[in-house]
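Okay, structure first, notes after.
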There are 2 protein chains.
Amino acid sequence: MRDSTNEVLRNIATQGPLSRAQLARDLGLSGPTLTQATKYLLDRGLITELEQSPSTGGRPATLLGLVANAGQLLGIKLAEDHVVGVCVNLHSEILWKFEEPFKSRGEAAVKELTNLLRKQVKRVKGQLLGIGIGVPGVVSPLDSSTADSLMLGWTNLDVGKKLSQELNTPVLLENDVNTLSITESLYGHGRDVSNFITITLGRGIGMGLVINGELYSGSYGAGEFGHVQAVSPGALCECGKMGCLETLASSPAIHASAVTAGYIRPNTSISKLLELARSDKKIAHALFKKPAEALGIALGNVINVFGPELIFISGEGVGAWDLWEPHFQKSLKASVVSTMNKFEIEVDPWDDAKWALGATAIVLQASLSRNSNINSQSVEVKNRLRIASASGFSA
Amino acid sequence: MRDSTNEVLRNIATQGPLSRAQLARDLGLSGPTLTQATKYLLDRGLITELEQSPSTGGRPATLLGLVANAGQLLGIKLAEDHVVGVCVNLHSEILWKFEEPFKSRGEAAVKELTNLLRKQVKRVKGQLLGIGIGVPGVVSPLDSSTADSLMLGWTNLDVGKKLSQELNTPVLLENDVNTLSITESLYGHGRDVSNFITITLGRGIGMGLVINGELYSGSYGAGEFGHVQAVSPGALCECGKMGCLETLASSPAIHASAVTAGYIRPNTSISKLLELARSDKKIAHALFKKPAEALGIALGNVINVFGPELIFISGEGVGAWDLWEPHFQKSLKASVVSTMNKFEIEVDPWDDAKWALGATAIVLQASLSRNSNINSQSVEVKNRLRIASASGFSA
DNA sequence: CTTACTTTCTTTACTTACTTAAGTAAGTGG
DNA sequence: CCACTTACTTAAGTAAGTAAAGAAAGTAAG
């Protein structure tokens with residue numbers, strides 16, 4: 001297959017329906033090359049001709065769009081006690097969702113997950129391209145298979161390989177914040193931005209980095225934003241260090257500080273705590289000023305080094321963003337050097353299914369990306385997309 | 001010209017003499033392709049056949065090396081009151097050096113620099129590929145021509161274009177810390193490392209980032225490490241913010257704190273100050289503990305986010321590294337998360353000519369890099385290297 | 001000193017992935 | 001109706017790679 005075919009598919013998938021002429025301009029290719037590439041994709045049923053766009057003085061362009069049912073993807077979000085998942089088509093339209101209890105700790109975890117997913121895989125009608133799993137922890141960038149996660153109680157656990165063998169389907173793991181970053185980079189505002197940062201607030205504080213349009217994974221991992229030192233001397237973090245940002249600004253930390261101050265009892269829920277804070281400005285100030293300032297300074301420092309165009313803020317913690325924002329904005333402004341003060345901030349309302357949706361994006365990314373032939377799983381996903389129509393299932 | 005030809009030239013330039021067979025293995029190309037590519041480069045006099053490497057059981061390999069005199073480069077380091085420069089051949093051997101007084105402030109600065117460089121350009125025998133200039137400040141990544149520098153008193157000054165027109169030679173500007181990073185990435189320990197960080201200590205505190213083997217310049221610049229917030233509330237920095245790392249750990253800041261403490265008088269030199277600190281442990285402790293700890297924490301936080309393999313520490317300030325190190329190492333260790341604690345640190349002794357040498361590296365980089373066709377200057381440098389032998393000057 | 005083997009490099013013939021050139025298709029505006 | 005524009009197709013050619021085969025230049029063993 002031609003190099004360009006992949007680029008064409010990628011552009012149609014991410015930008016929506018496009019004409020051949022437009023694709024040629026975007027990709028810097030000649031007309032004939034596009035005729036060739038699109039013929040290949042049309043033959044295989046991956047794309048289809050749609051309506052014509054109105055003429056601009058000459059022959060009107062025929063738009064080409066992705067065939068939604070040429071493939072389906074499963075996206076999973078793992079938590080300590082449950083699993084959320086979605087099945088989507090190539091338009092990233094959710095076909096169905098599921099949520100099941102799951103114990104991530106203990107010997108039987110992988111087996112339980114296997115059985116749970118086997119049920120879901122059976123429900124898929126058509127070509128299943130692969131399963132993407134978002135993990136709250138560190139995933140090896142080499143194989144997208146082994147995971148370390150404090151939250152799940154996993155140390156160097158090769159989940160992906162086992163699942164993939166048992167289910168006979170490509171399985172790709174990725175850090176859950178990174179899946180969110182890829183979603184933004186494929187579909188969100190990050191689509192036409194080459195350098196941006198995603199941060200997530202919640203039980204932990206995470207960061208995903210997109211550099212030159214690609215997810216950055218560092219040499220030994222990246223984006224351990226929750227464990228930058230924010231206060232000195234500070235409290236002991238579960239990572240073993242002192243004064244991490246998480247000890248100050250994670251939701252458990254804020255909850256704990258409210259308990260210590262006597263505003264709530266230890267078993268009061270987070271939502272009750274937020275209600276209380278919204279009803280009493282003094283309490284809001286006492287609970288959120290320090291964390292929000294620490295977050296602003298820490299993020300400002302990353303911006304000074306990284307010079308991004310865009311910052312996404314997400315995670316379950318953004319439900320309380322109104323309480324963070326004033327202090328955060330002030331300290332962020334004060335810590336960023338003036339030449340870099342041009343970035344935009346986008347706060348994304350949090351949604352449980354969105355994370356699972358993000359996990360499907362890593363599979364799609366693998367099938368579309370230029371340089372994702374690193375591991376066997378990605379290659380297999382690509383192959384499945386190519387031969388989709390050959391197996392004769394498509395609508 | 002083939003895509004591979006550039007890769008071949010790049011590998012020979014950076015790795016030293018190599019055989020065709022070795023290059024084929026390194027680049028993942030077939031024998032015929034290498035025969036073709038090397039024939040092109042040999043015809044043009046850019047490379048030459050050297051001695052044969054001893055046989056390993058078969059036909060011995062013929063080594064191919066860069067022809068030193070196929071091109072020459074000028075590298076300049078600008079300071080507020082003087083200019084240091086070197087002329088090197090393609091082996092990066094220094095042919096001659098110069099140092100001249102120069103007033104960076106005022107209307108006449110560019111004209112003075114032009115005249116000063118014109119003299120040097122005339123001294124070059126052979127093909128001058130281009131002039132690289134390291135600037136203590138921010139250089140626009142778009143054109144490698146306009147510079148902002150507090151230290152030189154320049155705001156948005158388009159130096160490169162004017163010099164290039166007057167001297168009829170490609171001129172590339174780059175931040176001086178970045179030139180150092182490129183030097184490490186081309187010739188130094190950073191050669192086989194894809195993600196590393198360079199920091200410099202001195203009048204300011206700088207940072208260069210190499211990501212995926214390429215210099216990272218951010219969307220609005222990058223590496224403003226001297227202006228991350230290290231202390232709150234902190235002293236006013238010349239950048240207008242409060243509590244920047246530079247207000248604590250730059251050499252003027254340390255000097256000032258020694259004056260305030262009454263150890264020295266305002267006009268005592270830095271070297272006298274270091275003598276004093278080395279003779280009295282208490283003074284060393286009082287002057288260097290806080291800055292070194294702040295540096296350790298700030299760097300640790302960057303490491304947590306970027307996960308690099310290697311850290312270079314350089315700049316005129318490393319002359320006092322023995323005084324920084326103990327406090328620095330301790331706080332760095334304490335702030336980096338355990339999974340990323342695998343990086344190495346290399347402290348580079350500082351040398352005035354090395355910075356100028358670094359400036360030549362950006363020109364060489366432009367002629368060798370895969371994707372440096374962004375601006376006209378880089379393209380011109382490439383052309384000059386290609387047609388070098390055609391003009392019939394070579395040895 | 002021949003013979004067998006290894007490794008390096010070159011030549012030839014082919015493939016792939018594009019291109020340019022020329023023409024067809026289908027609209028617009030005078 | 002006819003010139004003009006824009007979109008797409010067909011045909012032929014080119015650039016840059018590959019694979020296969022062989023020549024060149026060494027080592028190792030009998």
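Order of the sequence lines sets the chain letters (A, B, ...), proteins ahead of strands, with each chain counted from 1.
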* Tell me: CG of B/Leu64 to P of C/dT8, nearest whole Å? -> 13 Å

* Check side-chain contact (heavy atoms from CB on, under 4.5 Å) between B/Ser140 and all other residues, then give those that pass, not counting sequence neighbours. => B/Leu142, B/Asp143, B/Thr146

* To do: Please confirm whether the backbone N or O of B/Phe306 pairs with a side-chain atom of A/Tyr216, one donor and one acceptor, at under 3.5 Å?
  => yes

* Quantified as the angle between the terminal helix axes (five pairs each), what is the overall bend of the helix from C/dC1-D/dG30 to C/dG30-D/dC1 to 10 degrees? -> 10°

* Structure fact -> A/Leu63 CG to D/dC8 C1', in whole Å, measures 14 Å

* Asked: For the side chain of A/Gln72 and the backbone of A/Lys125, is there at least one donor-acceptor N/O pair under 3.5 Å apart?
  -> yes

* Structure fact -> Residues at least two apart in sequence or cross-chain that pass side chain to side chain donor-acceptor pair (under 3.5 Å) with B/Thr179, listed by chain then number, are none

Between protein and nucleic acid, restricted to nucleotides 26-28 of chain C and to nitrogen or oxygen atoms under 3.5 Å apart, what atom pairs and distances do you find?
from	atom 1	to	atom 2	distance (Å)
C/dA26	N3	A/Arg59	N	3.4
C/dG27	N2	A/Gly57	O	2.8

* Identify, with sequence neighbours excluded, every residue that meets side chain to side chain donor-acceptor pair (under 3.5 Å) alongside A/Gln15. => none

* Asked: For DNA chain D, what residues of residues 19-28 of chain A have any heavy atom nearer than 4.0 Å?
  -> A/Ser19, A/Arg20, A/Ala21, A/Arg25

* Contact class for A/Pro54 vs. all strands (heavy atom < 4.0 Å): base, sugar-phosphate, or nothing? -> nothing

* What is the distance from OH of B/Tyr40 to C1' of C/dT10, rounded to the nearest Å? -> 21 Å

* **Interatomic distance where CG belongs to B/Leu29 and P belongs to C/dT15 [whole Å]** => 20 Å

